[in-house]
Amino acid sequence: MLYLLTNIGAWLGIGFFLGLGVLLDYKNLKKINILTITVTSLLIALSVILTNLIGYTIPITGGIALALGNFLIFVVGMLFGPFFGVLSGIATDTLGSLVNIQGTYHGGFAFNLAFYGLMGSIVFLFKSEKFWVVKTIMLYIIAFVLISFGFNVLWLYSIGWNSVVLGVTFIAKAIKFPIQMAIYLPMTISSFTILYKLITTRHSITLWCAQNKTLSFVPIKFKKRSSPNH
């Protein structure tokens, strides 16, 4: 019964995220172009490959499993907004389930990725470029903590992984957390920066992250001190 209820709850949550994405970005959805679809599809494919074919197969000391591709869904949300962020999360989980079929399927894992996409878009929700790096770090950490210590625990427990609620499991997660952030955060920021520059230097499309003006990659500007007169 818990398995059924959590699946229903997860898909209701995904439906809410999609509706919210449409509501927040309905103007840009009218201007969907081939480039947006192409880049989003490429990032989805890379996410599936990095997570399911590479990340889960890398032996790492301490038993840390690297979901290497999840940060790319966050980047999709940053670049193209909440609707594409959520949609890319759903597509990535669906393709990943087909590529790497292990264990019991649960809609909660699609919810996790959709949540990453939504949180990525919130970095630029108020159309402000100020402190975007700080907001990226904070929102990614919030999303990761909620998923790792909250949602994933519920999804896994509902499919019979009783060990996920043990205290030792949470301690292990807490130990792994700084290592994972040291990997995922630089990858997220650098990937976004590279993709943003590649897109904006070659194409004149309106991105979610820069709807008002060109995004600045120098968050703090220093005033040049005048040399003293002798």
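Since the model is a prediction, treat every value here as computed from it, not as a measurement.
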Novice: Go through the structure and list residues passing ring pair (Phe, Tyr, Trp, His ring centres under 6.0 Å) with F83, not counting sequence neighbours.
Specialist: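 Per chain and number, F83 pairs via ring pair (Phe, Tyr, Trp, His ring centres under 6.0 Å) with no residue.
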Novice: Are the ring centres of F124 and F192 closer than 6.0 Å?
Specialist: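 Yes, they do, as the ring centres are separated by less than 6.0 Å.
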Novice: If you round to the nearest 0.5 Å, how far is CZ of F74 from CG of L139?
Specialist: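 Those atoms lie 5.5 Å apart.
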Novice: Find out whether M78 and Y196 are in side-chain contact, i.e. whether some heavy atom of one side chain is under 4.5 Å from a heavy atom of the other.
Specialist: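 Sidechains of Y196 and M78: no contact.
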Novice: In chain order, what residues pass the ring pair (Phe, Tyr, Trp, His ring centres under 6.0 Å) check against Y3, with sequence neighbours excluded?
Specialist: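 Y3 satisfies ring pair (Phe, Tyr, Trp, His ring centres under 6.0 Å) with H106 once adjacent residues are dropped.
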Novice: Answer with yes or no whether the hydrophobic clustering places L23 together with I90; edges join I, L, V, M, F, W, Y residues whose side-chain heavy atoms lie under 4.5 Å apart.
Specialist: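 No, no single cluster joins them.
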Novice: Using 30° and 60° as the class limits, which term best fits the ring planes of Y184 and F144: parallel, tilted or perpendicular?
Specialist: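 Aromatic pair Y184/F144 classed tilted.
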Novice: Measure the spacing between OG1 of T92 and CG of L87 and express it to the nearest 0.5 Å.
Specialist: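 CG of L87 is found 9.5 Å from OG1 of T92.
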Novice: Is T193 reaching over with its side chain to a backbone N or O of I189, donor-acceptor style, under 3.5 angstrom?
Specialist: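 Yes.
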Novice: Connecting only ILVMFWY residues whose side-chain heavy atoms lie within less than 4.5 Å of each other, what is the rest of L4's hydrophobic cluster?
Specialist: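 I8, L12, which link up through side-chain heavy atoms under 4.5 Å apart, make up the rest of the cluster.
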Novice: Determine whether F149 and I175 fall in the same hydrophobic cluster, where Ile, Leu, Val, Met, Phe, Trp and Tyr are linked whenever their side-chain heavy atoms lie under 4.5 Å apart.
Specialist: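 Each belongs to a different hydrophobic cluster.
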Novice: Excluding sequence neighbours, so at least two apart, what forms ring pair (Phe, Tyr, Trp, His ring centres under 6.0 Å) with F80?
Specialist: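 Ring pair (Phe, Tyr, Trp, His ring centres under 6.0 Å) list for F80, sorted by chain: empty.
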Novice: Report the hydrophobic cluster partners of L5, with the cluster defined as I, L, V, M, F, W, Y residues connected by side-chain heavy atoms closer than 4.5 angstrom, directly or transitively.
Specialist: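 Traced through the cluster, L5 reaches M1.
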Novice: Tell me which donor-acceptor pairs under 3.5 Å the side chains of residues 111-123 have, and how far apart each pair is, sequence neighbours excluded?
Specialist:
{"residue": "N112", "atom": "OD1", "partner": "W155", "partner atom": "NE1", "Å": "3.0"}
{"residue": "N112", "atom": "ND2", "partner": "N152", "partner atom": "OD1", "Å": "2.7"}
{"residue": "S121", "atom": "OG", "partner": "L118", "partner atom": "O", "Å": "2.6"}

Novice: Which atoms form the tightest heavy-atom contact between A91 and I44, and what is the distance?
Specialist: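 Answer, listing the atom of A91 first, then I44: CB-CD1, 3.9 Å.
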